[in-house]
Amino acid sequence: ADVAAKARAAALPSATSVRIAVSPAEIESAAEAAADAAATAEAKRWLVARFERELYRFSMEVHAHKSGAGGAQAPKPRALIIDGESLLYSLQDDVKLSMLAFAKHCKAVIGCRVSPIQKRQMVELVRFNVPGVRTLSIGDGANDVPMLQGAHVGVGISGQEGMQAVNNSDFAIAQFKYLRRLLLVH
């Protein structure tokens with residue numbers, strides 16, 4: 001009975017969702033959910049700390065270069081490569097601005113194995129939080145449609161994956177090689 005009471009207490013992941021487990025299976029499930037919530041919180045804290053540490057390191061390199069201290073070289077270009085699972089945590093409200101602050105100093109931001117919704121969230125994060133920028137999304141399939149719709153300008157490339165990207169874009173091109181002309185002329 002003591003174990004069941006402790007499991008019930010641990011099963012309260014937040015103040016907004018209170019659930020009392022009754023059966024042993026529900027108690028076990030609730031305990032796993034509480035452990036997952038703790039792991040999520042820890043992952044988010046780690047990501048914020050990592051983004052802030054890298055941002056601090058970059059700003060120190062820039063400062064040293066500008067001040068000419070000790071013959072400091074220009075800061076090395078940065079790139080952020082993030083997978084879909086890490087992006088789940090990084091796009092949450094308490095983490096996303098730290099990630100954006102770091103990403104703004106990167107030459108490239110690459111998302112691998114990300115869902116269509118995550119693509120859109122990344123584009124909208126930049127679109128709505130960085131004043132004065134225009135976002136451009138380029139896609140060639142149905143999985144790119146949310147991203148194309150979330151950007152200021154969406155370019156659909158017709159191809160083997162069908163016409164969904166073309167039908168949901170602002171501009172359509174037949175092949176990727178025509179993108180240069182589209183960007184330079186228009």
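Just so you know, residue 1 is the first one in the sequence shown, and it goes up from there.
A salt bridge between Glu61 and Arg78 is present, with a side-chain N of the basic residue lying under 4.0 Å from a carboxylate O of the acidic one.
Counting all heavy atoms, side chain and backbone alike, Val155 lies closest to Leu148 at O-CD2, 3.4 Å. Closest of all the heavy-atom pairs between Ala174 and Ile157 is O-CG2, 4.0 Å. Between Ser98 and Glu52, the closest heavy-atom pair is OG-OE2, 3.5 Å. Scanning both residues, Ser137 and Val123, for their nearest heavy atoms gives OG-CG2, 3.4 Å.
No more than 12 heavy atoms of other residues, nucleotides or ligands lie within 6.0 Å of CD in Glu85, so this atom counts as exposed by the packing criterion. Heavy atoms of other residues, nucleotides or ligands lying less than 6.0 angstrom from CZ of Arg53 number more than 12.
A single hydrophobic cluster is seen to contain both Val109 and Leu91, as judged by linkage of ILVMFWY side chains at heavy-atom distances under 4.5 Å, directly or through other members.
With values rounded to the nearest 0.5 angstrom, Ile138 atom CD1 is found 4.0 Å from Leu179 atom CG. Distance check: Asp144 CG to Gln164 CD gives 10.5 Å after rounding to the nearest 0.5 Å. Remark: Met147 CE to Asn168 CG distance equals 11.5 Å, nearest 0.5 Å. In this structure, the separation between CG on Leu55 and CZ on Arg50 is 12.5 Å, given to the nearest 0.5 Å. Rounding to the nearest 0.5 angstrom, the gap separating the CG atom in Leu87 from the OG atom in Ser115 is 8.0 Å. Between atom OG of residue Ser90 and atom CG of residue Leu47 there is a gap of 4.5 Å, rounded to the nearest 0.5 Å.
Residue Met163 is found in a hydrophobic cluster whose other members, listed by chain and number, are Val166; membership requires side-chain heavy atoms under 4.5 Å apart, directly or through intermediates.
The ring-ring contact (aromatic ring centres under 6.0 Å, His included) pairs that include a residue from residues 105-125 are Phe58-His105, where partners are two or more places apart or lie in different chains.
Shown here are the side-chain contact (heavy atoms from CB on, under 4.5 Å) partners of Val126, two or more places apart in sequence or in another chain: Leu100, Val130, Val133, Thr135.
A heavy-atom distance below 4.5 Å is not found between the side chains of Arg127 and Arg120.
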